Amino acid sequence: MLVIIAIIGVVVVLALLVFKKPSTPNLSQLYQKENKLFSPAERSFLGILQHACANDYIILGKIRVADIIAVKPTKNRSLRQKSFNRISSKHFDFVLCDKNDLSVQCVIELDDKSHQKNKRQQRDQFLDELCQAVKLTLVRFAVKRSYVVSQVRDSLANALGASQEPPSTQSTKLAS
């Protein structure tokens, strides 16, 4: 009888261990607040953009690609999900929007040394081709120690003027 009670006890303990719901960490164990939205280079360039075009545009930063470019409806749910997944975790560094209606006028990527890596170049090529496909002007600026506001303004004006041209000319590497 004692052996049966011991066996039942072991089975109960094992069942509790096997079927015990793992404890979920609370949110403060999983997440932390980021203190800065922009890297130092991005923050510096934002100041230049504000001087160059804040009178004409609203400048937004770190906007998800999927918030600007939508996946077209399709009956192939798998293809739609794969297409969404390709853009859902990517973002544009800056987005210039019309001051009146917040329509997207162009997107800006600030290219630092990380853009020389193969994986980053593949990402850049995908974004170039994607923007070209949806006729969205993408302007790339190389990270520099300093910028000339008038040159940035002119580069943006040229790129935005070029948005009326065929899509193959829209993605432009500027201000290297």
Side-chain angles (χ1 to χ4, degrees), residues 30-72 80-176:
L30 298 172
Y31 301 100
Q32 67 183 19
K33 180 181 139 257
E34 287 288 343
N35 290 322
K36 297 179 181 177
L37 180 61
F38 296 111
S39 70
E42 291 167 336
R43 176 58 192 105
S44 173
F45 192 71
L46 175 60
I48 298 300
L49 280 177
Q50 289 171 327
H51 286 292
C53 61
N55 291 335
D56 302 313
Y57 301 100
I58 291 179
I59 304 161
L60 304 176
K62 303 262 186 166
I63 303 297
R64 276 186 338 145
V65 172
D67 292 332
I68 295 174
I69 299 173
V71 178
K72 289 183 177 180
R80 181 172 168 74
Q81 189 62 50
K82 283 180 185 177
S83 299
F84 178 76
N85 290 346
R86 287 187 78 186
I87 63 173
S88 67
S89 63
K90 292 176 177 59
H91 73 271
F92 292 113
D93 293 327
F94 301 100
V95 178
L96 294 188
C97 297
D98 181 276
K99 276 191 152 189
N100 297 316
D101 63 6
L102 290 180
S103 60
V104 175
Q105 300 301 301
C106 78
V107 293
I108 298 171
E109 283 288 292
L110 190 57
D111 295 345
D112 60 13
K113 286 187 264 184
S114 71
H115 290 258
Q116 296 170 358
K117 296 178 181 174
N118 187 36
K119 188 170 183 169
R120 191 65 167 194
Q121 288 177 346
Q122 290 173 359
R123 176 201 177 273
D124 288 350
Q125 182 178 352
F126 171 72
L127 284 182
D128 289 345
E129 291 170 3
L130 178 63
C131 288
Q132 209 170 31
V134 300
K135 297 177 177 62
L136 174 61
T137 300
L138 167 62
V139 184
R140 293 187 176 278
F141 287 91
V143 170
K144 300 185 338 181
R145 285 194 183 274
S146 65
Y147 301 89
V148 177
V149 172
S150 61
Q151 289 176 345
V152 171
R153 183 182 304 117
D154 291 346
S155 295
L156 289 170
N158 289 337
L160 288 166
S163 66
Q164 305 307 315
E165 295 178 17
S168 62
T169 63
Q170 289 185 7
S171 177
T172 314
K173 195 157 200 135
L174 299 170
S176 1

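What you see is a predicted model, and the numbers here were worked out from it, not measured in a lab.
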(message) Can you tell me how far apart CG (Asp98) and CD1 (Ile58) are? Round to the nearest 0.5 Å.
(response) 8.0 Å

(request) For residues Leu136 and Cys106, determine if any side-chain heavy atom of one lies less than 4.5 Å from a side-chain heavy atom of the other. (result) no

(request) Please list, chain by chain and in numerical order, all residues satisfying ring-ring contact (aromatic ring centres under 6.0 Å, His included) with Phe92, sequence neighbours excluded. (result) none

(message) Checking Gln125 against Gln121: is there a side-chain donor and acceptor pair closer than 3.5 Å?
(response) no

(message) Is there a side-chain contact between Val107 and Val139 in this structure, where contact means two heavy atoms from C-beta onward sitting under 4.5 Å apart?
(response) no

(request) With sequence neighbours excluded, tell me which residues meet side chain to side chain donor-acceptor pair (under 3.5 Å) with Arg153. (result) none

(request) Measure the spacing between CD1 of Ile48 and OG of Ser146 and express it to the nearest 0.5 Å. (result) 8.0 Å

(message) When you compare the side chain of Asp124 with that of Arg140, does any pair of heavy atoms fall below 4.5 Å?
(response) yes

(message) As an exercise, state the distance from CZ of Phe141 to CD of Gln151, rounded to the nearest 0.5 Å.
(response) 10.0 Å

(message) Check this for me: Lys90, atom NZ, are more than 12 non-hydrogen atoms of other residues, nucleotides or ligands nearer than 6.0 Å?
(response) yes

(request) Compare all side-chain heavy atoms of Tyr57 with those of Gln105 and state whether any distance is below 4.5 angstrom. (result) yes

(request) Please report the shortest heavy-atom distance between Ala159 and Thr137, naming the atom on each side. (result) O-CG2, 3.7 Å

(message) Between Val95 and Ile108, does the side-chain contact (heavy atoms from CB on, under 4.5 Å) criterion hold? Intermediate values first, please.
(response) CA-CA 6 Å; Val95 178; Ile108 298 171; over 6 Å; no

(request) Side-chain contact test, heavy atoms from C-beta onward, threshold under 4.5 Å: evaluate it for Leu37 versus Lys62 and give yes or no. (result) yes

(request) In plain terms, say whether Arg120 and Asp111 are close enough for a salt bridge, that is, a side-chain N and a carboxylate O under 4.0 Å apart. (result) no

(request) Evaluate the criterion side-chain contact (heavy atoms from CB on, under 4.5 Å) for residue pair Arg123 and Lys117; output intermediate values, then yes/no. (result) CA-CA 10 Å; Arg123 176 201 177 273; Lys117 296 178 181 174; over 6 Å; no

(message) Please check: side-chain N/O of Lys72 versus main-chain N/O of Arg80, any donor-acceptor pairing under 3.5 Å?
(response) no

(request) Measure the CG-OG distance between Leu46 and Ser39 for me, rounded to the nearest 0.5 Å. (result) 10.5 Å

(request) Start with the C-alpha gap between Asp93 and Phe45, add the side-chain angles, then the distance that decides, and say whether side-chain contact (heavy atoms from CB on, under 4.5 Å) holds. (result) CA-CA 10 Å; Asp93 293 327; Phe45 192 71; over 6 Å; no

(request) Working to the nearest 0.5 Å, report the span between CG of Asp56 and CG of Leu160. (result) 9.5 Å

(message) Please give me the minimum heavy-atom distance between Phe84 and Ala66, naming the atom from each residue.
(response) CE1-CB, 3.8 Å

(request) Check whether any side-chain heavy atom of Ile59 sits under 4.5 Å from a side-chain heavy atom of Leu96, and report yes or no. (result) yes

(message) Return the CG to CG distance between Leu138 and Asp128, rounded to the nearest 0.5 Å.
(response) 5.5 Å

(message) Asp67: which residues meet the side chain to side chain donor-acceptor pair (under 3.5 Å) condition with it, sequence neighbours left out?
(response) Arg64

(request) Answer yes or no: is there a side-chain heavy-atom contact under 4.5 Å between Glu42 and Phe94? (result) yes

(request) Could you check if a side-chain atom of Val152 sits within less than 4.5 angstrom of a side-chain atom of Leu156, using non-hydrogen atoms only? (result) yes

(request) Quick one: do Ile63 and His91 satisfy side-chain contact (heavy atoms from CB on, under 4.5 Å)? Show the steps, please. (result) CA-CA 5 Å; Ile63 303 297; His91 73 271; 5.9 Å; no

